[in-house]
Amino acid sequence: MFGEIFDRELRRGSVFLDPSKLSPDYLPERLPCREEEFGRLVSLFRPMLEGGMPCRVLITGRVGVGKTALSRRFGLEAEGRGKGVRLSHLYLNCRGRTPYSLLLEAVRKFLPGWPERGVGRGELLSLLVEHLRHHGLHLLLILDEVDYLVLRHGPDLLYSLSRTGETASRISLLSISRDRRFLAELDEPTRATFLGHHLELPPYTREQLEEILRARREEAFRRGALPDESLALAAEMASRRGDARMGIELLLRAGMLADARGSRTVLPEHLREARASLYPELRREVLSELSPHELLLLLAAARGLRKAGSLTTGELRRAYEVVCEEHGEKPRHHSVMLEHLRRLEALGILEVEPLSLHPRGQTQRISLEVAPAGELEKEVERLLSERRG
Ligand SMILES: Nc1ncnc2c1ncn2[C@@H]1O[C@H](COP(=O)(O)OP(=O)(O)OP(=O)(O)O)[C@@H](O)[C@H]1O
Ligand SMILES: [Mg+2]
């Protein structure tokens, strides 16, 4: 019985040639619209590439602007291109990791099977550096979502990787973060190094997204299965936020819907349906990283926006005070609240625009385009009550 079901379902046509080309882990050979930024990276890392001098570079940019893809590509391409230096690279994502586990992974790249315990952090690092020295290697360490590391565990690992001496001379760092907030946790010299070698990736425009999605169409879809009109609509939808991940996720979901409906092409209607099911900003892993007061502020915004198209900063402040009272929390100072607001904006959850015509000039207009306010409110309330236990 099941054999027949498999055969029947798999015989049905599909709009896809290779849906894995739309998976989040797939790293394309080409990154259209990031050639210039790739060139900037090459020039920022030039001292490393041409003689093994250590470099430290920071990449920032909003959700889905290609920070991870660009850095991983750069690491892969840089290996073997060093002049007078043997380069090796390692990509590590810091989210949910400890300094120890990151160092352990770096050691295991060169000494596979190195035991989990036994030596302290300092010794692990010495081991790594000794190995690099012995083999005449320079390591390009890519630390993705480095802000999680610094905000959770402090800046010690960054310091020990970049202090002077053998360690610093053998290891270059490419750090990635959505925003620059974590820089406040660093000492002045380290912060200055980051700011002096900083690459900000701007959000993609609609035209750029179309180009990126067109390249992905070639790899992932059967010829003719994704008409230009549908592709343009996906780019338009993702261009609100300049987010390539969203565009790609929309193509995948819409393609699966087309298959499920037995349609041989992906229609605009499939994209609209995919869009409705996709609120990337509401992904639990994004919301669950918010601090308690960021969540309270978001709840206040969602409540206010359920009744209005947009809120001013003053209206948000009042809603926030009400929410705090409800939750038995003391509202944070206004300037701290504005910082939380900036973070919610950087994460792409809220839109914040200055209201320049306003007499005091400091007011902002807060809005929400990515999801219905009611959905957001429910999700935030669920998280808050989970945290209360
Ligand atoms: N220029 C590009 N060309 C082709 N694909 C791209 C490009 N930029 C981004 N992508 C694709 O878009 C998706 C999101 O990119 P990426 O993961 O690099 O974003 P990010 O900036 O790291 O986002 P986040 O802050 O959420 O980690 C990935 O699937 C990536 O392959
Ligand atoms: Mg990333």
Side-chain angles (χ1 to χ4, degrees), residues 18-41 57-77 91-97 142-151 174-182 198-221 226 231 234-235 237-255 274 278-290 343-349 370:
D18 181 358
S20 75
K21 297 284 162 56
L22 300 171
S23 103
D25 305 322
Y26 173 63
L27 179 63
E29 291 280 329
R30 282 186 50 240
L31 296 172
C33 311
R34 283 292 181 237
E35 288 89 356
E36 195 186 318
E37 286 83 358
F38 196 92
R40 283 268 294 138
L41 273 185
V57 174
L58 173 66
I59 294 190
T60 56
R62 291 168 70 154
V63 177
V65 295
K67 300 182 295 298
T68 299
L70 183 70
S71 306
R72 285 176 64 203
R73 251 295 139 230
F74 178 75
L76 284 168
E77 304 290 335
Y91 168 85
L92 296 172
N93 189 307
C94 302
R95 188 192 285 252
R97 307 279 304 261
I142 303 175
L143 295 177
D144 203 347
E145 310 203 55
V146 72
D147 47 331
Y148 287 93
L149 177 74
V150 172
L151 296 174
L174 175 50
S175 303
I176 305 170
S177 169
R178 284 193 186 140
D179 57 45
R180 307 196 316 190
R181 215 172 46 124
F182 79 100
H198 175 214
L199 179 62
E200 164 89 18
L201 301 185
Y204 291 117
T205 64
R206 189 178 55 73
E207 291 78 14
Q208 289 178 323
L209 286 166
E210 237 183 281
E211 193 177 334
I212 291 168
L213 295 184
R214 210 173 303 118
R216 216 49 90 88
R217 169 170 75 180
E218 294 296 308
E219 299 185 89
F221 285 89
L226 178 68
L231 185 124
M237 288 170 170
S239 69
R240 285 265 179 208
R241 325 216 330 80
D243 175 354
R245 179 178 305 109
M246 179 179 176
I248 293 167
E249 227 168 306
L250 280 171
L251 293 190
L252 179 64
R253 285 185 181 226
L278 179 83
Y279 305 123
E281 302 73 13
L282 296 198
R283 273 189 308 239
R284 291 214 119 204
E285 75 266 18
V286 176
L287 292 186
S288 63
E289 292 297 341
L290 297 178
R343 172 141 152 92
L344 294 172
E345 185 195 15
L347 287 170
I349 303 172
V370 293

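Both ligands and their constituent atoms are indexed starting at 1 by order of listing. Please read these numbers as outputs of a predicted model, since none were measured by experiment.
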Item to check | R253 to A274 - nearest heavy-atom pair and separation | outcome: CB-CB, 3.7 Å
Checklist entry - Can you name the residues that come within less than 4.0 Å of ligand 1, going by heavy atoms only? => result Y26, P28, L31, P32, R34, R62, V63, G64, V65, G66, K67, T68, A69, R178, Y204, I212, R216, A244, R245, I248
Checklist entry - Hey, mind stepping through R95 and E289 against salt bridge (Lys or Arg N to Asp or Glu O under 4.0 Å) and telling me if it holds? => result CA-CA 10 Å; R95 188 192 285 252; E289 292 297 341; 3.6 Å; yes
Checklist entry - Would you call E36 and R40 a salt bridge, using N to O less than 4.0 angstrom? => result no
Item to check | Exercise: do Y204 and D243 side chains pair donor with acceptor under 3.5 Å | outcome: no
Checklist entry - Do any protein N, O or S atoms sit under 2.8 Å from the Mg ion (ligand 2), and which ones are they? => result T68 OG1
Checklist entry - Do the side chains of L347 and E345 get nearer than 4.5 Å, heavy atoms only? => result no
Checklist entry - Hey, are the side chains of F221 and L22 touching, using non-hydrogen atoms and a 4.5 Å cut-off? => result yes
Checklist entry - Shortest non-hydrogen contact from L251 to A234? => result CD2-CB, 3.8 Å
Next on the checklist: Are I248 and Y26 packed together at the side-chain level, in the sense that at least one heavy-atom pair is separated by less than 4.5 angstrom?
Outcome noted: no
Next on the checklist: Check whether K67 reaches the backbone of R62 with its side chain - one donor and one acceptor, N or O, closer than 3.5 Å.
Outcome noted: yes
